[in-house]
Amino acid sequence: MRRVGLWALMVFALTSALVVAPVLTSSATAGNPHVAEAISHAQEAVDHGELGHAKEIVKHAQVALQHAKMAQKEVSNPHLNEGVSELEEAVSHGAQGHAGVATKHAKSAVMHLSEVK
């Protein structure tokens, strides 16, 4: 009888962990306003990059980067970290006038940041 009770407790604990942990994790990241703003501005950087506007890429990527870094203070997520890295590259290349390369980094940032939501 004691083994059955222990077994039931272990099954309950494991089931609870599998159900509750993803809910807590997703609620911590879902709808984060800084992530949403970072995605919006990163997409603006992409849109301008496709038109060859290097200065506008820098402008929007910098704003996206600020929001992404603020989100890092609230959320721990490897995609968020990659998004920050890609935005830094977009800013760097855009500042050098390399709109094409900066746009690729901004697109990658959008992809990674979208995975955080």
Side-chain angles (χ1 to χ4, degrees):
M1 185 77 166
R2 185 174 177 180
R3 284 184 153 194
V4 173
L6 183 58
W7 175 252
L9 181 60
M10 288 174 51
V11 168
F12 175 76
L14 180 60
T15 304
S16 296
L18 292 174
V19 171
V20 174
V23 170
L24 291 176
T25 301
S26 66
S27 67
T29 60
N32 183 293
H34 291 300
V35 173
E37 283 295 318
I39 292 169
S40 177
H41 282 282
Q43 185 58 55
E44 283 289 324
V46 170
D47 294 344
H48 282 285
E50 290 176 344
L51 298 173
H53 303 157
K55 288 182 183 181
E56 291 297 313
I57 295 170
V58 173
K59 178 178 133 184
H60 287 287
Q62 285 176 330
V63 175
L65 185 57
Q66 290 172 346
H67 282 287
K69 285 183 176 182
M70 285 188 267
Q72 282 182 315
K73 295 177 182 178
E74 301 169 3
V75 176
S76 177
N77 185 295
H79 284 290
L80 182 54
N81 298 339
E82 286 297 318
V84 166
S85 178
E86 292 293 342
L87 287 168
E88 290 171 340
E89 289 293 322
V91 169
S92 175
H93 286 284
Q96 296 173 39
H98 305 150
V101 176
T103 303
K104 288 180 185 179
H105 285 290
K107 283 181 182 181
S108 183
V110 170
M111 181 195 68
H112 282 291
L113 293 170
S114 295
E115 291 297 318
V116 176
K117 293 175 34 175

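- Ala109 and Gly83 make their closest contact through CB-O, 3.8 Å (heavy atoms, listed as atom of the first residue, atom of the second, distance).
- In this structure, CD in Glu86 is found 11.5 Å from CG in Leu65, a value given to the nearest 0.5 Å.
- Residues Ile57 and Ala99 come closest through the heavy atom pair CD1-O, 3.6 Å.
- Rounded to the nearest 0.5 angstrom, His60 NE2 and His48 NE2 are separated by 4.0 Å.
- Side chains of Lys69 and Glu88 form a contact here, defined as non-hydrogen atoms less than 4.5 Å apart.
- Between His67 and His41, the two ring planes are parallel [angle under 30°; tilted spans 30° to 60°].
- Across all non-hydrogen atoms, the minimal contact from Gly94 to Ala54 is O-CB, 3.6 Å.
- To the nearest 0.5 Å, the span separating CG on Asp47 from NZ on Lys107 amounts to 9.5 Å.
- Closest non-hydrogen pair, Ala42 versus Ala106, comes out as O-CB, 4.2 Å.
- Taking NE2 of His34 as the reference point, atom CG of Leu113 lies at 13.5 Å (rounded to 0.5 Å).
- Using cut-offs of 30° and 60° on the angle between ring planes, the pair His93 and His98 is tilted.
- The CG atom of Leu80 sits 11.0 Å away from atom NE2 of His112, with the distance rounded to the nearest 0.5 Å.
- For the residue pair Glu74 and Asn32, the shortest heavy atom distance occurs at OE1-ND2, 2.9 Å.
- Within the model, atoms CD of Glu89 and NZ of Lys104 stand 13.5 Å from one another, a figure rounded to the nearest 0.5 Å.
- For the pair Ser114 (side chain) and Val110 (backbone), a donor-acceptor distance under 3.5 Å is present.
- For the pair Asn77/Val35, no side-chain contact is recorded, criterion being any heavy-atom separation below 4.5 Å from C-beta on.
- Residues Val75 and Ile39 are members of one and the same hydrophobic cluster, defined by side-chain heavy-atom contacts under 4.5 angstrom among Ile, Leu, Val, Met, Phe, Trp and Tyr.
- Closest approach of Ala95 to Val58, counting heavy atoms only: N-CG2, 3.2 Å.
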